[in-house]
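Chain A is the first sequence line, chain B the second, and so forth, proteins listed ahead of strands; every chain is numbered from 1.
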There are 2 protein chains.
Amino acid sequence: MSKLLLIDDDVELANMLKEFLTQEGFGVTTAHDGLTGEQYVLAGKFELVILDVMMPGQDGMQTLKNIRQHSDIPVLMLTAKDDNEGRIEGLEGGADDYVQKPCLPRELVARIRAILRRQNSDGPKGNDIVVGQLIVSGERRKVFWGDQPIVFTSTEFSLIEILAKHAGTIVSKEDLSIKALGRSLVKYDRSIDVHLSSIRQKISEASGGVNVIQTIYRVGYQLVRD
Amino acid sequence: MSKLLLIDDDVELANMLKEFLTQEGFGVTTAHDGLTGEQYVLAGKFELVILDVMMPGQDGMQTLKNIRQHSDIPVLMLTAKDDNEGRIEGLEGGADDYVQKPCLPRELVARIRAILRRQNSDGPKGNDIVVGQLIVSGERRKVFWGDQPIVFTSTEFSLIEILAKHAGTIVSKEDLSIKALGRSLVKYDRSIDVHLSSIRQKISEASGGVNVIQTIYRVGYQLVRD
DNA sequence: TAAAGTTTTCAAAGTATGTCAAAATTGTTA
DNA sequence: TAACAATTTTGACATACTTTGAAAACTTTA
């Protein structure tokens, strides 16, 4: 039974949907304003959020942004009938889907199931970064080569995550240092190089000798698809 | 550049969308009936299919089913305005999303991007530059002559990449220096020449004596289509 | 055709990175 | 707080890459 969180200020509609969704076999919790919903999300335990865009107080778009700062949980937005701008904004802000209000409950269920299918299908999860055989999971803060886990220290993970996010493009050492170590690179600073050396070694071990990290002399590094 | 396949019997609409999507940086191929579309999909090379539900002959839903028997390629369906049943059927049949017809091109693009984001975490590897036998892959930062890899240092790669991007036209040494080395050319600076010399040597070795780089005296270099 | 300037190529010099191991730092537990 | 483990940084040396200098070959112009 998947646990859903429904955030909608319209109490009556929310209860109706809750009833329908419960019949369909979901566990449903409701919240009637954005801030409460946000706290529920952070408390964890939900697999998907259904979020109304139009709410008094903190609206859905802001709530989505706040949720996205801490969580990769799938979010399905409920939008007003012809709010095309809102849909686009929502999708670009990290929503996984939207449904027009008022909606057919059957359609809502189909979409929920579609999202959960995507999420739970084995292999990489929704927000994992996949580059060839390499899987970097921000959510779990773990790295895999195929399905074999590779153990990284936290700095190493930060570095490979940054590289993976920009796979196929060059990331400068300065950028890596600022984002992963929180400080600017100074002369004779070898930290990045040394970390990269260990990362390479671990990936090579797990993959049987593959090197997916290219050095760009005097510039930085780049993660390549093998 | 992601390659899309657009399957729609409405030739005029298809061309309009193709133009818009091309402007947005996608590579678009069109097919005007389901069977042709299917064959294109199986031929591979596409990263997403945009599929009209309503088509004479084999309709979109059947096409979707056939595609799904062989391929997991993302499919975005175009549905008639109020065809709720169709949408649900499509989603359950393995479509990744749908958009109502007629649609805002912007929305279509946002949805395409959202799907590709989910799918790939980053752009596909369609960015290779092909000049005759020479293949320059920016994402992999590798160069091939036919299918034989050529090992370049990072500056060498930058240079050949720039030349390849402008294949058939002259690139000045000043440009090459700024883009590849990050500095303006100074008098008696021989770096570019020396690098080009090594590049030529390596390509010549791999290709059995072919020289694809022309010198334009006092100006720069040009990669020629052999 | 000669002179001036440019490019090709080789090798040496200068600079950056790869890697190992020791030192410093951080976090944990008795 | 001390002792320990884990992690990060630093120092040192080997390796790799880029730039420079110089001689020879080439192109342009007068």
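Following rounding to the nearest Å, A/L159 (CG) and D/dT8 (C1') show an atom-to-atom distance of 12 Å. Between B/R183 atom CZ and D/dT18 atom C1' there is a gap of 9 Å when expressed in whole angstrom units. In this structure, B/N211 atom CG and D/dC26 atom P are separated by 14 Å, rounded to whole Å. At whole-Å resolution of the value, CD in B/E156 and C1' in D/dC17 are 9 Å apart. In this structure, the CG atom of B/D189 is 12 Å from the C1' atom of D/dG21, given to the nearest Å. Nucleotide D/dC17 holds its C1' atom 14 Å from the CD atom of A/Q214, rounded to whole Å. Distance CD1 (B/I192) to C1' (C/dT8): 15 Å, rounded to an integer number of Å. The CG-P distance, from B/L185 to D/dT19, rounds to 11 Å in whole Å.
Looking at every heavy atom in both residues, A/E156 comes nearest to A/I199 through O-CD1, 3.5 Å. In terms of heavy atoms, B/V109 sits closest to B/F20 at CG2-CE2, 3.5 Å. Heavy atoms only, all atoms of each residue included: A/R113 and A/E24 are closest at NH2-O, 3.1 Å.
Within 6.0 Å of CD on A/E19 lie no more than 12 heavy atoms contributed by other residues, nucleotides or ligands. Heavy-atom contacts from other residues, nucleotides or ligands closer than 6.0 Å to NZ of A/K142 number 12 or fewer. In the displayed structure, B/K165 atom NZ is contacted under 6.0 Å by at most 12 heavy atoms of other residues, nucleotides or ligands.
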(Q) Output one letter per nucleotide in nucleotides 15-22 of chain C: B when a protein non-hydrogen atom lies under 4.0 Å from the base, S when only the sugar-phosphate is that close, - when neither is. (A) BSBBBB--

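For D/dT8, the OP1/OP2 oxygens have no side-chain nitrogen or oxygen of A/S191 closer than 4.0 Å. For B/H195 and D/dC17, the shortest distance from a side-chain N or O to OP1 or OP2 is not below 4.0 Å. Close to D/dT8, at under 4.0 Å from its OP1 or OP2, lies a side-chain N or O of A/T153.
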Q | Intermediate values then yes/no, side chain to side chain donor-acceptor pair (under 3.5 Å), A/D193 and A/Y221 | A | CA-CA 10 Å; A/D193 306 74; A/Y221 295 88; 3.2 Å; yes

Q.
Please evaluate residues A/E38 and A/T63 with respect to the criterion side chain to side chain donor-acceptor pair (under 3.5 Å), reporting the C-alpha separation (whole Å), side-chain torsions for both, the decisive distance (0.1 Å), and the verdict.
A. CA-CA 7 Å; A/E38 237 178 278; A/T63 306; 4.8 Å; no

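Defining each end axis of the helix from C/dT1-D/dA30 to C/dA30-D/dT1 as the rotation carrying four pairs' C1' atoms onto the next four, with five pairs an end, the two axes are found to diverge by 40° to 10 degrees.
Ion pairing between a basic and an acidic side chain is recognised when a charged N comes within 4.0 Å of a carboxylate O; B/R183 and B/D189 show such pairing.
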